[in-house]
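In the text below, chain A, chain B and the rest are named by the order of the sequence lines, each starting its count at 1.
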There are 2 protein chains.
Amino acid sequence: MEDLKDITKVFKALADSSRVRIIKMLESKPLCVCEITFVLNLSTSTVSKHLSILRDCGLILDEKNGKWVNYMINPDLNSNLREQLINLVNTSLVNDNFIKLDKANLIMADRNLLCNI
Amino acid sequence: MEDLKDITKVFKALADSSRVRIIKMLESKPLCVCEITFVLNLSTSTVSKHLSILRDCGLILDEKNGKWVNYMINPDLNSNLREQLINLVNTSLVNDNFIKLDKANLIMADRNLLCNI
DNA sequence: TTGTTATTTCGCTAAATGACGAAATGAATT
DNA sequence: AATTCATTTCGTCATTTAGCGAAATAACAA
């Protein structure tokens, strides 16, 4: 059961364009911090903070994998609200130019290339 | 067609508990600023600002009526996103205690009583 | 163990936001 | 025209937030 505080927290998490861009990226596949950092062109610490905000409201999950941390859309969005919000974001912005560019850049964002230099 | 900026603006509008409470109140019926101010127990200017934020992202409408301004959920939410968000808020928080209390207080908030003293 | 690398946490700064009261605006009434 | 009253706008203040770089942490590699 969701209360006002929980719901506001989820809306706050989505009330930032960088975080919406992250959700849109994660719709393709799980990503590590450095891949997202490459696409958003922000500092690693800033991206890490954004991810923790999305995680703390239950929209995404992290999973350790060696020295990487993979982030993904929470496959078990234990509420109708979160599920519908993710669907809403998922079906939105399909023609937005920034989102298209992010998706194009994501193709070039191979963690091995990014990290082994 | 919605772009990233528009969508972020709508999420920002909902990322505040007072504004979510306003949306929940407007689900019952159109309300003037003084009725909402009575329930939220905030200053008139603050409530007016909240209402303008909700209006500027297209979620609500205002309608002059004599010296009052009636605010209501926009009956013509010209986008799937706004429509689904309003539905989402509408179906959420039905058991939240603060929202219940707001609805109870709203019954006592008659604009004639509030304004004719 | 020591080094390397990915991520997180910390401390800071600049900008945005929510709150208020006071002043301005707009519409009805006298 | 002057007054009254609901609402909006303005100026200010305190708090929150997004951003960064540096330091701390965690996990693999040598």
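- In this structure, of D:dA26, D:dA6, C:dT9, it is D:dA26 that holds the atom nearest to the side chain of A:Lys64.
- Following rounding to the nearest Å, B:Leu51 (CG) and D:dT8 (P) show an atom-to-atom distance of 7 Å.
- Of the possible polar contacts, none joining the B:Gln84 side chain to the B:Leu81 backbone as a donor-acceptor pair under 3.5 Å is found.
- The phosphate of C:dA6 has neither OP1 nor OP2 within less than 4.0 Å of any side-chain N or O from A:Tyr71.
- For B:Asp102 and B:Lys24, the salt-bridge test fails: no basic side-chain N is under 4.0 Å from an acidic carboxylate O.
- Put simply, A:Thr46 has no side-chain N or O that comes within less than 4.0 Å of OP1 or OP2 on D:dG19.
- Looking at the side chain of A:Val69, the nearest of the listed nucleotides C:dT17, C:dT7, D:dT8 is C:dT7.
- Checking A:Asn65 against B:Lys49, the closest nucleotide of DNA chain D that is more toward the 5' end is the one next to B:Lys49.
- With rounding to whole Å, A:Trp68 atom CH2 is found 12 Å from D:dA29 atom C1'.
- Taking atom CG of residue B:Asn70 and atom P of nucleotide C:dA27, one finds them 14 Å apart after rounding to whole Å.
- For A:Lys12 and C:dT17, the NZ to P distance is 11 Å, given to the nearest whole Å.
- In terms of polar N and O atoms assigned as donor or acceptor, the side chain of B:Ser45 comes within less than 3.5 Å of the base of C:dG21 in a complementary pairing.
- Here the side chain of B:His50 is nearest to one of D:dT8, C:dA19, C:dT8, namely C:dA19.
- Following rounding to the nearest Å, A:Ile36 (CD1) and D:dG19 (P) show an atom-to-atom distance of 14 Å.
- Contact check for A:Thr8 versus B:Asp16: no side-chain heavy atoms found under the 4.5 Å cut-off.
- Taking the nucleotide of DNA chain D with the nearest heavy atom to each of A:Arg19 and B:Val33, the more 5' of the two is matched to B:Val33.
- Rounded to a whole Å, the CD1 atom of A:Ile53 is 8 Å from the P atom of D:dT17.
- The closest donor-acceptor contact from the side chain of B:Arg82 to the backbone of B:Cys57 lies under 3.5 Å.
- What separates CG of B:Leu14 from C1' of C:dT17 is a distance of 16 Å, to the nearest Å.
- The main-chain N or O of A:Tyr71 is never found under 3.5 Å from a side-chain atom of A:Arg55 such that the two would form a donor-acceptor pair.
- Between B:Ser18 and A:Arg55, it is A:Arg55 whose nearest contact on DNA chain C lies nearer the 5' terminus.
- B:Asp16 places its CG atom 5 Å from the P atom of C:dG18, with the value rounded to the nearest Å.
- Here C:dT5 is the nucleotide among C:dT7, C:dC20, C:dT5 with the atom lying nearest to any side-chain atom of A:Lys67.
- For B:Thr44, taking side-chain heavy atoms from C-beta onward, the closest of the listed nucleotides C:dC20, D:dC20, D:dT7 is D:dT7.
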